[in-house]
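In what follows, chains are A, B, ... by sequence order, proteins preceding strands, each numbered from 1.
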There are 2 protein chains.
Amino acid sequence: MIRQSDKGNLKKLGANIKRLREMKNLSLRELSYACDIDNSKISKIEKGQINITFTTILQLAKALEISPSELLRTDYD
Amino acid sequence: MIRQSDKGNLKKLGANIKRLREMKNLSLRELSYACDIDNSKISKIEKGQINITFTTILQLAKALEISPSELLRTDYD
DNA sequence: CCAACTGCGGCCTTATTAGACCGCAATTAT
DNA sequence: ATAATTGCGGTCTAATAAGGCCGCAGTTGG
């Protein structure tokens, strides 16, 4: 059901989350603990394998100490 | 299942979408046509009644001619 | 060497979104 | 007055995200 054109954006979002997590030197399990999302799920998100909801975006943004808007800004420098 | 603390953010997001739609003088049905999302669903989104997915955010942003990141920026002036 | 940690994928159940359609009350033209 | 438009709520099914747990292969560190 996920449109082919959206897959790229899902991967970009995942890559951005991974980038931000690594910038804070957090392991999947540490971030998992911080945002109360199972580490295997975060792994799938970072791989762009699932189409997360707005509230999941909020949880991740909070744990990464960044605004939800920034989390979606994939055109980072 | 939606956390009470997220309801406010859902409403903010909805209000922002409504604001952007009205700025472009679009009716629900016109925006519906532009992003291929049922008008009743958009209505629910604007009311903060559903927790939309990332791809739905992408569709709305595209139709509203704004970046997904901007769509989430609820701290507009 | 051994122990701990790490990313990752599979599996399962339940809750909820997606997607589509209908109809109504209120508003806005004609 | 009448017709069209508009926002909105309800209903149904199918697809899928959420949430949780398990285990493994490959680091990393003691």
Side-chain angles (χ1 to χ4, degrees), chain A residues 1-66 68-69 71-72 74, chain B residues 1-64 66 68 71-72 74:
Chain A
M1 188 142 283
I2 293 180
R3 319 158 88 99
Q4 188 60 31
S5 61
D6 285 335
K7 286 194 181 172
N9 292 99
L10 247 0
K11 286 198 176 176
K12 273 192 196 171
L13 175 65
N16 198 31
I17 291 168
K18 178 171 187 168
R19 184 182 65 90
L20 291 162
R21 172 174 66 81
E22 291 177 339
M23 272 177 62
K24 294 184 80 74
N25 277 305
L26 295 173
S27 71
L28 283 182
R29 283 175 177 77
E30 285 169 335
L31 178 57
S32 168
Y33 178 76
C35 64
D36 200 43
I37 294 175
D38 191 85
N39 72 78
S40 77
K41 187 176 167 185
I42 299 178
S43 170
K44 288 158 196 159
I45 292 170
E46 290 186 352
K47 291 263 181 180
Q49 290 171 357
I50 54 181
N51 182 19
I52 59 177
T53 61
F54 179 64
T55 57
T56 298
I57 291 172
L58 292 181
Q59 285 176 270
L60 287 167
K62 188 169 186 178
L64 291 168
E65 298 176 287
I66 198 175
S69 175
L71 199 65
L72 264 58
T74 55
Chain B
M1 189 141 283
I2 293 180
R3 320 158 88 101
Q4 188 61 30
S5 61
D6 285 336
K7 286 194 180 171
N9 292 98
L10 247 359
K11 287 198 177 177
K12 272 191 197 172
L13 175 65
N16 198 31
I17 290 169
K18 178 170 187 169
R19 184 182 66 89
L20 291 161
R21 174 174 65 82
E22 292 177 340
M23 272 176 61
K24 294 182 81 74
N25 276 306
L26 296 172
S27 70
L28 283 181
R29 282 175 176 78
E30 285 169 335
L31 177 57
S32 166
Y33 179 76
C35 65
D36 201 42
I37 294 175
D38 191 86
N39 71 79
S40 76
K41 186 178 167 184
I42 299 178
S43 170
K44 289 159 197 159
I45 293 170
E46 290 187 352
K47 292 260 179 182
Q49 290 171 357
I50 55 180
N51 183 19
I52 59 178
T53 61
F54 179 64
T55 57
T56 298
I57 291 172
L58 293 180
Q59 284 176 271
L60 287 167
K62 188 168 187 178
L64 291 169
I66 199 176
L71 199 64
L72 265 56
T74 54

Whole-Å distance between [N] [atom2] and [X] [atom1]?
X     : N      : atom1 : atom2 : value
A/K7  : D/dT16 : NZ    : C1'   : 14 Å
A/N25 : C/dT6  : CG    : P     : 11 Å
B/L28 : C/dC21 : CG    : P     : 18 Å
B/D38 : D/dT6  : CG    : P     : 15 Å
A/K18 : C/dT6  : NZ    : P     : 14 Å
A/Q59 : D/dG19 : CD    : C1'   : 10 Å
A/I52 : C/dT16 : CD1   : P     : 18 Å
B/I45 : D/dC8  : CD1   : C1'   : 13 Å

Q: Apply the test side-chain contact (heavy atoms from CB on, under 4.5 Å) to residues A/L72 and A/N16: give CA-CA distance (whole Å), side-chain angles for both, the deciding distance (0.1 Å), then the verdict.
A: CA-CA 8 Å; A/L72 264 58; A/N16 198 31; over 6 Å; no
Q. Atom CD1 in B/I66, atom CG in B/L20: separation rounded to 0.5 Å?
A.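 The distance works out to 4.5 Å.
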(Q) For the CD1 atom of B/I52 and the CG atom of A/N51, what is their distance to the nearest 0.5 Å? (A)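 Separation between the atoms: 10.5 Å.
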Q) What nucleic acid atoms does A/K47 come within less than 4.0 Å of, heavy atoms only: base, sugar-phosphate, or nothing? A)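 The residue A/K47 makes sugar-phosphate contact but no base contact.
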Q.
Need one value for A/I37: base, sugar-phosphate or nothing, where a base atom within 4.0 Å counts as base even if backbone is also close, heavy atoms only.
A.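 Since no nucleic acid heavy atom lies under 4.0 Å of A/I37, the category is nothing.
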Between [options], which nucleotide gets closest to the side-chain atoms of [X]?
X     : options                : value
A/S43 : D/dG7, C/dG9, C/dA20   : C/dG9
A/I50 : D/dA18, C/dC21, C/dA18 : D/dA18
A/R29 : C/dG10, C/dT6, D/dA18  : C/dT6
B/K41 : D/dC8, C/dA18, D/dA17  : C/dA18
B/E46 : C/dC11, D/dC8, C/dG7   : D/dC8

Q: With DNA chain C as reference, determine whether A/N51 or A/R21 sits nearer its 5' end, using the nearest nucleotide of each.
A: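 It is A/R21, whose closest nucleotide lies nearer the 5' terminus.
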Q. For B/Q49 and B/N39, take the nucleotide of DNA chain C holding the closest heavy atom to each; which residue's nucleotide lies nearer the 5' end?
A.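 That would be B/Q49.
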(Q) Can you see if the side chain of A/T53 gets near the phosphate of D/dA18 - specifically, an N or O under 4.0 Å from OP1 or OP2? (A)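 True: A/T53 side-chain N/O within range (under 4.0 Å) of D/dA18 OP1/OP2.
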Q) Is B/T56 near enough to C/dT17 that one of its side-chain N or O atoms lies under 4.0 angstrom from OP1 or OP2? A)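 Result: no.
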Q.
Let's test your reading of the model: under 3.5 Å, does the base of C/dC22 pair with the side chain of B/S40 as donor and acceptor?
A.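 Looking at the base of C/dC22, it does not pair with any donor or acceptor on the side chain of B/S40 (distance under 3.5 Å).
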(Q) Checking side-chain contact (heavy atoms from CB on, under 4.5 Å) between B/C35 and each of B/L60, B/L58, B/T56, which is the one that passes? (A)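 Passing option: B/L60.
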Q: Assess whether side-chain contact (heavy atoms from CB on, under 4.5 Å) is satisfied between A/R3 and B/T55, documenting all intermediate values.
A: CA-CA 9 Å; A/R3 319 158 88 99; B/T55 57; 5.8 Å; no
